[in-house]
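Step one of this worksheet: look at the structure below.
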Amino acid sequence: MAYEVNLGHRSANVELLNRAGNHVFLDIDGRKYDVDIVMVENGVYSILYNGHSYNVELIEGDSSKKFIVNTFAKTFNVEIVDAESKYISSRNKGLSVEEENLVASPMPGKIVKIPVKAGDKVIAGQTLIVVEAMKMQSEFKASHDKTVLEVLVKEGDTVNAHQLMMKLE
Amino acid sequence: MAYEVNLGHRSANVELLNRAGNHVFLDIDGRKYDVDIVMVENGVYSILYNGHSYNVELIEGDSSKKFIVNTFAKTFNVEIVDAESKYISSRNKGLSVEEENLVASPMPGKIVKIPVKAGDKVIAGQTLIVVEAMKMQSEFKASHDKTVLEVLVKEGDTVNAHQLMMKLE
Amino acid sequence: MIKKVLVANRGEIAVRVMRSCREMGIRSVAVYSDADRNSMHVRYADEAYRIGPPPSRESYLNVEAIIGAAKSSGADAIHPGYGFLSENASFSARCRQEGIIFVGPDPYAITTMGDKIIARQTMIKAGVPVVPGTTEKLKDEQEALEIARQIGVPVMIKASAGGGGKGMRLVKHLDEVGSAFRRARSEAINAFGDDSVYIEKYIESPHHIEFQILADNHGNVIHLFERECSIQRRHQKVIEETPSPLMNPELRREMGETAVQAAKAVNYKGAGTIEFIVSDNLEYYFLEMNTRLQVEHPVTERVVGVDLVKEQISIANGNPLPFRQEDLRQTGHSIQCRIYAEDPDNNFMPNPGIIKHITEPHGLGLRCDGYVYEGYEIPIYYDPMITKLISWGETRVEAIARMKRALYEYKITGVKTNIKFLEKIMDTRDFIEGKYNTHFIENNEAMLHASRPCGIECEDMAIMAAFIDYIAKMESIQPPRYTDELGSNWKDFGRKRNVLRL
Amino acid sequence: MIKKVLVANRGEIAVRVMRSCREMGIRSVAVYSDADRNSMHVRYADEAYRIGPPPSRESYLNVEAIIGAAKSSGADAIHPGYGFLSENASFSARCRQEGIIFVGPDPYAITTMGDKIIARQTMIKAGVPVVPGTTEKLKDEQEALEIARQIGVPVMIKASAGGGGKGMRLVKHLDEVGSAFRRARSEAINAFGDDSVYIEKYIESPHHIEFQILADNHGNVIHLFERECSIQRRHQKVIEETPSPLMNPELRREMGETAVQAAKAVNYKGAGTIEFIVSDNLEYYFLEMNTRLQVEHPVTERVVGVDLVKEQISIANGNPLPFRQEDLRQTGHSIQCRIYAEDPDNNFMPNPGIIKHITEPHGLGLRCDGYVYEGYEIPIYYDPMITKLISWGETRVEAIARMKRALYEYKITGVKTNIKFLEKIMDTRDFIEGKYNTHFIENNEAMLHASRPCGIECEDMAIMAAFIDYIAKMESIQPPRYTDELGSNWKDFGRKRNVLRL
C-alpha cells in the first residue's frame, strides 16, 4: 500500500516493498531504498544506506501522524497522510477556519497584555496580545483589518506552545 | 494501610499518612517523615527532607514489587511485601526449591563448557558450568555433594542475567 | 574558613559554583522558586530551600527569603553567581550585617561601578581612558561644536534620557554639528520630555574586549588577560574567545595594567571584569566594570588554568592570591558558544519547553556547562541560556574545528536552539579570519540565516524515519496488557523499540 | 593527504579517533559486528560497514572483511585503535600491500617489539637497561648461583614455559639459590613438561611507569613525558596519572632519553609507548613497547596539550613533527579512571547489560571518553570498559578532588560498575600521598572493599523512593487508553510521572 507523506511543501509517495528485521526495502517517489534502519534511542533512528550512516531524530507532533524531524542539515515537519486523514480532510473541505484568523503562541509563555476585547474592530498591524517568555516580550499583531471574535485567555494566564489565544474574523 | 518493606536484611514497617501533590507524610518504623518527593527523571527521585537534598535512583526488578535502589553510599535490594506477596509466600511455604540447588548466571554471557550431564553425581567444588562474558570466564562450582537433576542450557548458548542454567538435588 | 555556601542563583551557574564547592569540600545550599523544584541545582546541592513563587522578584530577588534560607541552613557564605542579586550593593551590605560572607566585592565597589557617571568620573581620576565626550547636558550649539572639535569626528549626539536609538545623531563632519544638535534636541523633547543631549566619540567598528581581574584583601590585584566578546545579538553576547584575534602583546600588557588600575581605583576585592570598547586602530576606552563572575569566565579558566570560583572563595576566606602576575600565561586558545533555547529564524524568540532528548558532546578539549536533562521542562520565567559549550585548541584554528565538532555532536530535541546558527558562525569567513566587531551578526545576516542544503537523499531519510516510526506504531496497536504496563518502565519501553518489529 | 579513515575498532576508542578525524575534516568509516549495529561508533561515523558475527575473531580480527570494507568505502587509511589488530604485524604489512596507509608503525617495529626475547636483545644492544638476568635456560645450579651473585639478591627463578605463579621461586639470600633452583625445576617439569628455568632480578615494590613517544618519517623522535600506571587489578590498569608522583626532573629527563633511544632502535614511526618497571629506589628497566595508542593516552594529551590521534594521522601523512623536545612542557596534573562494567565485590566479574539511566559528569577540568548511552545494551563479547574519566588540576591535590567530584556526578543504573571502588581509591591514604606501587590494590584490600556507611536516614530514603514508586504505580493501574498509547512516547511517559499523582 502506498502512502502520501508530506515533508514541508513536498508531497512524496512512499511504499513499503519488503522487510526483514531491520532491513527495509522501500520506494520513495520511484527511488528504491534498501536500508538498515534501527531506533537506537527513543525517537533517534540510525539508518545505514549504501554504506552511509545517517542519524535522524524525530518527535511526534499533535497526532501520531505528524512529526518534527531533524536531519543533520535541517528540521522538517513531516505528516503521514493515510486513508483516515484523507477522509477527514475531504470532510473538512470548505469548513476549515483560515489560519490567519487564529492567534496562537509559538512558545509557552505568560500573557502580559490584551489591549483588545471581543467585538473590537482592529486594523492591520495593531497589537492584539503581548506574551512574555524568558524575559522577552513578543507582540502579536493583526495581519489584516479584522474583528475580534473571541478572546480565549486573560492577562496573567500562562499558555502552552501552540495554544489558541484569540479568534478573529 | 501499613506495608512491610524489605531492604537487604532489614524489614521495615511503612505507612503513608498523608499526601498533597509532591508532599508526602509517612511513617517508617515509627519515624515520621514529611518530605517533598519528585520523580525528576524516570527512575530518579529527588527527595527534600529537612532541607537536605537526596537523590535516589531505582530500577524495577523481576516484579513490580522488587527494586534495586542506589543511594549515594550504597546499593540495596528493596522489596515491597503487600497482601498478595504474603499470600503467595504462605502458599509456597514448604514448596520452595532451595536456592543452592539452582545454578543461575549472575550476568549475561555465553556457555563455554558444561562438563557434567543430568544424572551425574558431583562433589563439592566440582565445576558444573563455565560461562564467558567480556573475555573473562567464570566457573560455577557445586557448593556441596549433589546430583545433577537437569541441564537447561547447552554449550554455545547465550544466557541472560539470572537465567537458570542447571538444577541439582 | 567557609564550610557551607548558599548559591543564590539557578541554572548552569548555580551548578557550576556547586561543583567547585564540592571539590573544595564545602557543602552547598540551593535555593529554588516553585518553577525550579525539578531543576538540576536543587538535585546537585547538599541542601535545598524554597524561596518563593516563579517570578524572579518574588524568589531569586527576594532578599528576605534568601537570607532566611542562609540562616536556616547555617551557611557561612552566599555566592550570588551572575545576574539576579550579584550586583546589588544593598544585598552585599545586608549579608555583611547578618554576619554572612558575600562572595563578591563590598557595597562601595558595587555602587561606584554601578552608576555610569560616577564610574566614568572615578576612572578619569584614576587615569583610565574613557570614551571622549561629555556626560553633562550640552549648553548650546557652540559648546557642542567646541567639544566635537576637541574629540574629533565622527561623534554621536545622544539624548541623556535616551534609549532605543531615539534622539541619537551621528555626525561625520564638523559642519553638521549644528543641525544634528538641534534635531537630536527636538527628538529628545518629543520622545522623553527632556531636551538634555550630550556628545560622545563614535567608534566605527567597535570591538568589545574585557579583562578578567582578581583582587585579594591584601592589596594584590592581577589580571588574567582578555576575552573578546564582540559577537552579540540584541546586545547579548553569543560567542566569546581568548586570546582576542585583535590583540598584540604590547596592547595586552597595557590594557591589562589599565584594568588593574581601574580595579584598584574602587579598592576592588574578588573577581571582576573591566569591559573596554576598542576601535579598529586599537584605541581602547573603559566601558564598564562587572563586579561579579561573567558568563564567559570559562574561556579564561581554560587558557590560564585557574578555577575562578575557587579563587573567589579563597579570597572571601581572606587568603592572599596564590600567584603573581608574572606566574600567569595564556596557553592555546579557547572559544565559548552560548546555547540558547530560542528560534534564530524568528528574531531569536525564546523557546522554552520540555527537553525530549539530549546528547551532549564529550572528548578532548571540550567543556560543557549546562543544567538541563531529558524530561526537564525549561521554565518560561528565566534566561533562555541552557548550556555553555567551551572548546580549547593548541591554536585558534583547532579551537574552531573542535567547536564545530562539538556543535555537530550536540543534539537536542523538544525545544528550538541556536545550535545550527552557531555552526554557521563557525563557517563564516570573517569569524574564521578573526576579523570581526560588534556588527558581525548584522554584517553576515544573509549567510547566518541561510538554511543548509538537504538534498533529495537527505530529505528521503527524514521521510523514511517518520514513515517507519508510524508503520511500527500502527502494527503494534493493541491494548497493552495489564502486566506489561506494570512491568514496563520508560527505558524498557525504549528498549523494546530498539529492534523494529514491522 | 588522508581524506577518509577506516577505524578498525569499536567502543570508546573508535569514537575518540573519529572525533579527531572530524576536527581534521577527514571522513570516518566504521566497521561493526552484528553485536554492534546499535553501537555509538556506527552512529558517529560518516559511513559504516558490517564485517561479521559478534565474536572478535570473525569480525574485528577478520582481516579480509576489514580490508574489504576499506576498499568498498575508498578509505585511504586504517586506524587500528588499541587491541584487536593494532599490534598485528601482518595486518600492517597487508595494508601496505593493498595501498592503504596503516596509521601505526611498520611490520618490522611491531615484530621486533612483539617478541619478548628479541625485544630484550634489541634493547640491550641499544643501551637500554633491561631487568638483569637471563632469558636462556640455566644450565645448572652453579650457573644460577653465579648469575644471582652478579645481579644481586633478591632474584626470581622462573619456569620458561611458566605462568600463573607456577614454577616460580623467590630467592632472598644467595645460600637459597641451590634449593630454589631444584624446586623450581621440578615444579616446572611437573606442571609444563619442560624443566627450563631462568633467573631475573626481583623488584620488590615495582612501579609501572611508561613514556609516550612520537616519531615521524624524517628521523625525529620525541617523548611526551611519563604516565604512572601502577594501579592495576588482575594485571589490568585501573588508574593512570601524569606526572608520576615518583618522578623527579633528572630521572624524567634520563628515562625520556632512554625511551627515545628505545624507539630509535627499531626505527619506530608513529605514536608508541615504552613501558618501564621502576623500583622504589628509582632503578628503571625496559619492560616492553606498545606499538600503538594506549588506553591512557588522554592524561598526556591534557598535560602536554597535544592531540595524539591528530599527530598519528599527521605522521601517517608524512609530515614532520610540529614541535621539538624543548617545546614541550607538562602543565598541571591529570588522572584517568577507567570505568568498567564489572562487580568489584565479586572478583571484578564483568557485568554486561542494558544501560537504564546514565548521567555523565561535566564542567571545568573534566573529560569523559565513553560510548554507551541510555537504552544501549553492552554486548557480552568485548571489553568491559565503558568510559574513561579524565580529570585535570593545577596540582595533584586538585586533580584528585576533581576526580572525586566527577565520580560523585557519574550515575549509571542497569549494570554494575567499579565507580564506588574508584571513589574509595581516591580516599585511600597511599593514593592521596602518591606512595603506591603495583601492589596497591592488594595492600589496601580491606579499605577498598569496605562498604560505605548508609545510616538509618539514608536507608529510609531508599525505602521511601521504592515505596512511593510502588504506590504511584498501583494507583495508576488502569488499562491505558488506545489514544494515550498512540500519542505517548518514552519521554512524555517520563514527564507524566514527573509530578506524582498519589
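First the proteins, then the strands, lettered A, B, ... as listed; each starts at 1. This one's a predicted model, so the numbers in the text were calculated from it and none came from an experiment.
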Looking only at A:R31, A:H52, A:K66, most heavy-atom pairs under 4.5 Å shared with chain C are made by A:R31

Which heavy atom of A:F76 sits nearest a heavy atom of C:A462, and at what distance?
-> CD1-CB, 4.1 Å

Please report the C-alpha distance between C:M464 and A:Y45 in whole Å, then the side-chain angles of each, then the deciding distance to 0.1 Å, and finally whether the side-chain contact (heavy atoms from CB on, under 4.5 Å) criterion is met.
-> CA-CA 10 Å; C:M464 202 180 295; A:Y45 281 91; over 6 Å; no

Neighbour count above 12 (heavy atom, 6.0 Å) for A:H144 NE2 = no

Of all heavy-atom pairs linking A:M134 and C:P379, the shortest is CE-O, 3.5 Å

Apply the test side-chain contact (heavy atoms from CB on, under 4.5 Å) to residues C:D383 and A:K135: give CA-CA distance (whole Å), side-chain angles for both, the deciding distance (0.1 Å), then the verdict.
-> CA-CA 7 Å; C:D383 195 86; A:K135 306 194 288 183; 3.6 Å; yes

Mind checking the CD1-CZ spacing from C:I471 to A:R19? Nearest 0.5 Å is all I need.
-> 7.5 Å

Would you mind checking which part of A:A161 comes under 4.5 Å of any heavy atom in chain C, side chain (CB onward), backbone (N, CA, C, O), both or neither?
-> neither

What distance separates A:L7 CG from C:M461 CE, expressed to the nearest 0.5 Å?
-> 12.5 Å

Please name the residue in the list A:I37, A:I80, A:L58 that meets the side chain to side chain contact (heavy atoms under 4.5 Å, CB included) test with C:D469.
-> A:L58

Rounded distance (nearest 0.5 Å) linking atom CZ of C:R234 with atom CE of A:M136 | 3.5 Å

Separation between NZ of C:K416 and OG1 of A:T75, rounded to the nearest 0.5 Å = 8.5 Å

Compare every heavy atom of C:I463 with every heavy atom of A:V5, then report the nearest pair and how far apart it is.
-> CG1-CG2, 3.9 Å

Which of residues 107-119 of chain A have a heavy atom under 4.5 Å from any heavy atom of chain C?
-> A:M107, A:P108, A:G109, A:K110

Do C:E459 and A:R10 meet the salt-bridge criterion of a basic N to acidic O distance under 4.0 Å?
-> yes

Side-chain contact test, heavy atoms from C-beta onward, threshold under 4.5 Å: evaluate it for C:F467 versus A:L26 and give yes or no.
-> yes

C:Y408 versus chain A, heavy atoms under 4.5 Å apart: side chain, backbone, both or neither?
-> side chain

Which pair of heavy atoms, one from C:P453 and one from A:A73, lies closest together, and at what distance?
-> O-CB, 3.3 Å

Is there a donor-acceptor pair closer than 3.5 Å between any side-chain N or O of C:K356 and the backbone N or O of A:I59?
-> no

Please walk me through it: do C:I456 and A:D29 pass side-chain contact (heavy atoms from CB on, under 4.5 Å)?
-> CA-CA 11 Å; C:I456 195 78; A:D29 283 343; over 6 Å; no

When the 4.5 angstrom heavy-atom criterion is applied to C:T413 and chain A, the contacting part is both

Which residues in residues 419-427 of chain C have any heavy atom lying under 4.5 Å from a heavy atom of chain A?
-> C:K420, C:E423

C:Y470, part contacting chain A, at a heavy-atom distance under 4.5 Å | both

Go through the atoms of A:Y33 and report whether side chain, backbone, both or neither lie under 4.5 Å from a heavy atom of chain C.
-> side chain

Nearest atoms (heavy-atom pairs only) where A:K74 meets C:S451 | CE-OG, 3.3 Å

Pairwise distance OG1(A:T71) to CG(C:D460) - rounded to 0.5 angstrom = 11.5 Å

If you round to the nearest 0.5 Å, how far is CD of A:E41 from NZ of C:K411?
-> 11.0 Å

Considering all heavy atoms, the nearest C:A465-A:V56 contact = CB-CG1, 3.6 Å

